[in-house]
Structure formats: structure tokens, C-alpha cells
Protein chains: 2
Amino acid sequence: MNKRARIADVAALAGVSTATVSRTLSAPEKVGESTRKKVLDAVKETGYRINGAARDLRQKRARSILILAPNLANTFFSRIFAAIQDEAAAAGLTVQISDSRIGRDKLATLGHDGRADGIMLLDASLDPALVNGWRLPVAQLCEWNDLYQAPGIVIDNPAAVHLAVAHLAGLKHTHLGHVEGPPDNVLAISRREAFHAASAERSIRTSILKGDFTMRSGADAARRWAELEDRPSGVFCASDECALGFISECIRLGFDVPSDVSVVGFDDIEFADRFIPALTTIRQPREAIGREGAELLIGMLRNDNPQQGSLRKIDADLVVRASSGPAPTARPDFV
Amino acid sequence: MNKRARIADVAALAGVSTATVSRTLSAPEKVGESTRKKVLDAVKETGYRINGAARDLRQKRARSILILAPNLANTFFSRIFAAIQDEAAAAGLTVQISDSRIGRDKLATLGHDGRADGIMLLDASLDPALVNGWRLPVAQLCEWNDLYQAPGIVIDNPAAVHLAVAHLAGLKHTHLGHVEGPPDNVLAISRREAFHAASAERSIRTSILKGDFTMRSGADAARRWAELEDRPSGVFCASDECALGFISECIRLGFDVPSDVSVVGFDDIEFADRFIPALTTIRQPREAIGREGAELLIGMLRNDNPQQGSLRKIDADLVVRASSGPAPTARPDFV
DNA sequence: CTGAAAGCGCTTACAG
DNA sequence: CTGAAAGCGCTTACAG
């Protein structure tokens with residue numbers, strides 16, 4: 001075992017051609033039994049392992065998919081990535097990950113250099129010309145951009161927001177706040193619009209507080225909320241991190257959650273149910289999102305027909321926990 | 001732009017050989033100015049992009065590193081992965097990720113199929129024969145196994161644990177509990193041993209509670225802690241998740257943290273400082289861990305000399321927050 | 001059932 | 001400075 005054996009070494013040892021070795025390994029039924037045995041013995045003796053890079057070049061494929069996400073450090077993605085990797089591994093594909101905020105040139109290269117078969121895109125903020133210029137199947141996940149000619153898996157954000165608003169309305173809140181996400185993010189826009197629509201349906205007053213999905217922005221929003229003369233008694237945050245930041249800061253400012261303010265988040269991240277108070281939130285089924293996204297992309301690789309642009313929606317549920325309760329004026333002890 | 005252009009297409013259009021096209025792209029100074037211009041024009045016109053897979057096969061490298069971790073869904077890893085990807089991208093390398101708990105055959109293949117140049121290993125529980133059989137540079141990260149012939153970057157676990165114990169000792173706790181990690185995990189073993197050593201130095205009594213790093217195990221440990229007749233007043237948990245689970249359950253059982261029990265975690269995950277009470281913990285510099293790990297592995301790829309087995313230790317700090325306080329008998333109101 | 005030969009798309013001594 | 005040719009390590013029609 002000094003050097004890695006190549007297929008020619010195995011062929012020489014077995015006294016056959018490289019073609020026969022190749023067939024023995026990839027389609028054993030096409031090879032005679034005694035030949036097969038000779039080859040397999042030679043494989044064992046040499047410790048031969050197929051060189052995937054060479055096979056892939058010959059077959060013009062990479063056996064690999066690339067995940068492109070706007071922030072790999074975001075813990076929201078980790079379970080999704082894990083599910084994608086599970087599905088991909090089951091299909092014999094490796095998984096590459098890259099931050100989508102690398103330079104434009106690098107991004108363009110990714111779709112052209114033969115080292116990935118398909119792209120799982122979790123970022124809707126890339127230039128559509130760039131994305132549509134990739135010569136590979138692309139599947140969108142979580143975020144979407146109507147200008148991308150690519151199908152995708154997303155959760156039904158408007159429906160989920162309606163659940164959150166209906167929950168707070170059912171608790172007799174008549175003035176709701178919304179800590180929104182970054183103004184140019186498709187998820188943030190969708191959730192804010194749905195918040196307004198769902199509130200309007202119920203004649204609920206609304207106030208918007210700026211945010212950007214982060215805990216820090218949630219804490220900042222809490223300070224601005226506290227300074228309001230007319231404070232909404234229920235606040236729907238565009239993300240859980242934001243909601244946890246909001247609650248933490250409220251508590252630090254001397255308010256109680258939920259008796260002073262009910263808070264509902266979005267995502268159901270790991271700590272949502274361990275936070276005190278445990279967070280009422282919209283549960284995003286991240287495992288299912290990752291799995292279905294991977295299935296979609298893998299299906300596209302197989303059929304080679306990128307069914308342009310159709311988005312499949314997955315339902316997200318409301319999980320009621322301790323951070324939301326009756327509106328102050330609706331509480332029994334105030335009656 | 002119907003088909004992807006190959007280097008031969010560019011050469012034909014420019015009226016030169018493929019060798020010249022290749023040189024123009026990879027070592028322009030070796031090509032005459034007018035030739036270079038012709039080639040570059042042809043590249044532009046054809047939209048040619050180098051096929052990385054073909055180049056890599058020819059050069060016998062993959063321009064890619066593989067991260068192997070025991071659980072991709074673990075949020076502790078996300079920032080480390082992000083840092084590795086940053087460093088790798090800067091070095092022109094792509095990053096693959098895989099769960100290390102895929103089958104043994106698949107694992108063995110990874111180190112042999114020419115699709116990765118090096119492996120970043122975050123799992124010390126793999127068979128050393130397997131790991132040492134890889135024909136690639138391997139760098140260990142976070143976890144380590146002395147039987148692996150590979151250098152690595154780890155934090156100084158014993159020193160970190162001493163900080164935690166010294167902190168609790170300084171608060172006059174004379175009986176400490178430790179919720180340990182999984183019994184066969186190298187980090188868990190190292191932390192438990194250091195816990196015993198640091199406690200013994202200070203003549204502190206100790207109690208061990210079983211755990212496995214998870215929140216659930218922390219909550220379970222809290223229930224067992226509550227049933228103890230002689231309860232330690234300070235508890236050091238082997239991970240933050242465990243500590244958060246422990247605290248949550250304590251609160252649910254009617255205990256106060258830190259007045260009934262001080263809790264110290266390990267990791268400093270995202271929510272440690274937002275939890276209520278904010279968690280006193282050992283901060284693992286995850287960005288630095290990822291960055292230095294990547295630098296180590298990339299350096300090994302460059303030099304091609306796997307400096308077998310030396311582990312570099314990074315310091316971890318104690319971050320004091322609200323979950324730890326004076327031992328009950330030491331509190332002023334008891335004096 | 002098996003082999004000779006071409007070829008995946010590049011790079012790189014070698015020669016001039 | 002440039003080109004012809006070999007070769008990275010495989011797979012796959014094609015022919016027998």
C-alpha cells in the first residue's frame with residue numbers, strides 16, 4: 001500500500017482490461033462469474049478504490065449539490081442543512097456549502113465549473129440575471145424571488161401570520177405591534193403585509209416597529225415600544241431571535257410578559273420552548289423544509305427538467321406557549 | 001450561448017492552441033500581448049468558463065475540503081462552519097459537509113475518491129484505523145483522539161474547567177455538582193476529570209449527575225438534583241444546552257437560580273446571554289476555532305506535511321453572568 | 001462476455 | 001512565446 005491503486009493496476013493484476021474492471025464494479029451482472037472473482041480479488045489485494053473525480057468527469061456530473069445561504073452562522077439553517085445532507089447522502093450526492101455573499105464572480109463560477117450538479121438556494125437577494133445564468137438546476141428554499149426561473153419550497157408565510165394574528169385577536173388584543181424584518185427581505189415583506197391584512201380583517205389597530213430578525217433589533221424595538229404613549233398589548237415579531245430579544249429587554253425594563261405584553265415569534269428555534277417565558281411562535285418545520293427541498297432538487301437532477309418557477313408551500317403551525325396571554329383589559333382581575 | 005464552451009472552442013475562435021488558452025488564463029505573463037488579447041476576446045465572445053472538474057483531475061487535486069461532524073443540526077457548529085467556509089473561500093477552496101455518522105464504507109471512501117483535498121474532523125469517536133487510513137491530510141477540531149495521526153486545534157478544556165470551579169469556589173460554594181456529558185465523549189471525559197481535579201485542589205465536595213450535553217438531559221439532571229438530600233449549591237454543566245435545560249427545570253420545580261443553586265455552563269451559545277437568568281459560562285471562541293482549524297488544514301495542504309498529532313490549544317474564557325451567585329450560607333442576608 | 005480505443009476537458013513538460 | 005502530444009483516471013459505445 002504505497003501509492004493509491006488505479007484501475008489499470010487492478011486490471012493488470014487480474015489479467016483483464018480496465019473496461020472489465022469498470023464493469024465489474026458498476027455492473028457486475030455484465031461480467032462472467034470467474035472474471036468477476038478475479039477482478040474482485042485484485043481489487044481487494046490492491047486496496048483499489050474508484051477515483052470519483054475521474055469517474056465524474058467522464059460522466060459529466062459531479063454527484064454533488066451546493067447549498068447557498070446568506071449566513072452560514074445562522075442557527076436557523078442548521079437543521080435544514082442536516083436534512084438536506086441526509087437526503088443527498090441517501091441519493092449518493094455530496095453536499096457543498098457556501099455563503100451566498102461571496103463575490104459576484106465567484107457566484108457566477110459556481111454554476112459553471114462542473115463541480116456541482118445543482119444548487120439549493122436559500123437567498124432571494126441575488127441578482128436574477130446571475131441566478132438564471134447558471135447552467136444548473138436550481139431550487140429555492142425558504143426565501144423566494146419571482147424573477148428566478150426556479151421552483152422552490154417555502155412555507156406559507158401569509159397563512160402562518162394569520163394564525164398568529166388570530167391567536168392574539170382571540171386573546172382580545174385590539175392593538176397589535178409588529179417588529180418587522182429587514183425592509184428588503186422577501187420573508188419580512190410577506191409577513192408584514194400579511195400582518196396588516198390579518199389585522200385589518202379584524203379591525204385591529206397596528207403599529208410597526210423596525211427590526212432585522214436579530215436579537216439586538218428585538219431589544220431595540222422593545223425600548224421603542226416602551227416609549228410609546230399608546231403601546232400595543234400584543235407584539236408579533238418576524239423571527240424568534242427578535243422575539244427573544246424583545247422579551248428580554250421588556251423584562252429588563254420592568255414589564256411582565258405576557259401580562260403587560262404578549263409576544264409571538266416566528267420560526268420555533270431550539271430555545272423557543274426553553275426560554276422563560278416559553279415563546280409562543282410559528283413553528284417552521286425545518287426538517288421537512290430541508291428534506292422536501294432536497295427531494296425537489298434531486299428530482300430535478302434526475303429528470304433534467306427544471307419545472308420553472310412553481311413554488312410548493314408547506315404549512316407552518318402556531319405553537320402556543322407562555323409568552324402570550326389575554327389582553328390587559330380582558331383579564332379577569334380587571335373585570 | 002447554447003452549449004457551454006470548452007477550451008477547444010475558444011482556441012479555435014482565437015486561432016491558437018488550447019495550451020495557449022490555458023496559459024492565458026492561468027499565467028497570462030507567459031503569453032504575448034497580442035495573443036493574449038485575441039484569446040481574451042474569444043473567451044468573452046464564447047462565454048467560456050474553465051471547467052473546474054477537468055482542471056482538478058488533471059492537477060490531481062480537488063480544491064475542496066470536507067468537514068465531518070457528528071451532528072450537523074447541532075447549532076454549536078454553525079459559527080465554526082461559517083468561519084471555516086470563510087477561510088476556505090479565501091484560499092480558493094470549496095467546502096463540503098457531511099455527517100460523520102454515515103456508514104463506515106462511505107466514510108472510508110471519502111478519504112480516497114479524489115473529491116476532497118483534506119478533511120476537517122470534528123468527531124473523535126471514529127475508528128482510528130479508518131481515520132489513519134485516509135490518504136489525505138486530516139485536521140482535528142474541538143474533539144480529539146490521541147490515536148489519530150493528525151494535528152488539531154482544541155480549546156484548553158482543563159484550564160477552562162478550572163476557571164469555572166474557581167469561580168464557584170470564590171462564591172463560597174463548598175459542594176459542587178457536575179452534569180457530565182456522554183460517558184464516551186472525549187470532551188465530557190476531559191471536563192469531568194478537570195472538574196474533579198479542580199475541586200479536589202480546593203477540598204470541595206463533588207457530586208456527579210449523568211447527562212449527554214442535551215437540554216433534555218439537563219432537565220432530567222435537575223429533577224435528580226432536586227431529589228438529592230444533600231444538594232450541591234453550585235452546578236457546573238458540561239454544555240450550555242444542558243445548563244439551560246437544568247435551569248429551566250429548576251425554575252419549574254420552584255427553585256431560584258442563582259439563590260438556590262448557581263449554574264455554570266460551557267460553550268457560550270447564542271442564547272446564553274439572553275436567557276433569564278443570563279448564563280454564566282465558558283466562552284468557546286468558535287470563530288477562532290473555525291478559522292485556526294481552517295488555517296491548519298490549508299497549511300497542511302500547501303506543505304503536504306501532516307505534522308502528525310500535535311494539538312494546539314486555544315484559551316477559553318469564563319463569562320460571568322446572572323446564573324451564578326454566592327452560596328446560600330455565604331449570602332449576606334444569612335449572616 | 002470481453003477488449004481496444006476514444007474521450008470527458010483540462011494542463012504541462014517538451015521541443016522549437 | 002507557442003504548439004503538438006501526452007496524460008489525469010475513469011467509462012462506454014463499438015466490435016467481436
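Residue numbers begin at 1 in each chain, while the letters A, B, ... track the order of the sequences.
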Which residues in residues 22-32 of chain B have a heavy atom closer than 4.0 Å to any atom of DNA chain C? B/Ser22, B/Arg23
Between A/Glu33 and A/Lys38, is there a salt bridge with N-O shorter than 4.0 Å? no
Determine whether A/Met120 and A/Leu122 make a side-chain contact, defined as any pair of heavy atoms from C-beta on separated by less than 4.5 Å. yes
Below 4.5 Å, heavy atoms only, C-beta onward: do B/Val154 and B/Gln140 meet side chain to side chain? no
Please determine whether a side-chain nitrogen of the Lys or Arg among A/Lys44 and A/Asp41 lies less than 4.0 Å from a carboxylate oxygen of the Asp or Glu. no
Here the pair of heavy atoms bringing B/Ala116 nearest to B/Ala62 is N-CB, 3.6 Å
Minimum heavy-atom separation for A/Ser125 to A/Tyr148, with atom names? N-OH, 3.6 Å
Quick check: on DNA chain D, is the nucleotide nearest B/Thr18 upstream (toward 5') of the one nearest B/Gln59, or the reverse? Name the residue that is more 5'. B/Thr18
Can you tell me, in whole Å, how much space there is between the C1' of D/dG16 and that of D/dT12? 16 Å
Interatomic distance, CD1@A/Ile298 vs CD@A/Glu295, rounded to 0.5 Å, equals 7.5 Å
Can you establish whether the number of heavy atoms outside B/Arg63 located under 6.0 Å from its atom CZ is more than 12? yes
For DNA chain C, which nucleotides open and close the run of contacts to chain B, 5' to 3', at under 4.0 angstrom from a non-hydrogen atom? C/dG9 to C/dA13
Can you confirm whether A/Leu297 sits close enough to A/Asp117 that some side-chain heavy atom of one is under 4.5 Å from a side-chain heavy atom of the other? no
Judged by each residue's nearest nucleotide on DNA chain C, which is more toward the 5′ side, A/Glu33 or B/Arg55? A/Glu33
Quick one: stems for DNA chain C, with Watson-Crick or G-U pairs under 3.5 Å, at least three in a row? C:1-3 with D:14-16, C:5-12 with D:5-12, C:14-16 with D:1-3
Side chains of A/Asp56 and A/Arg115 in contact at under 4.5 Å (non-hydrogen atoms): no
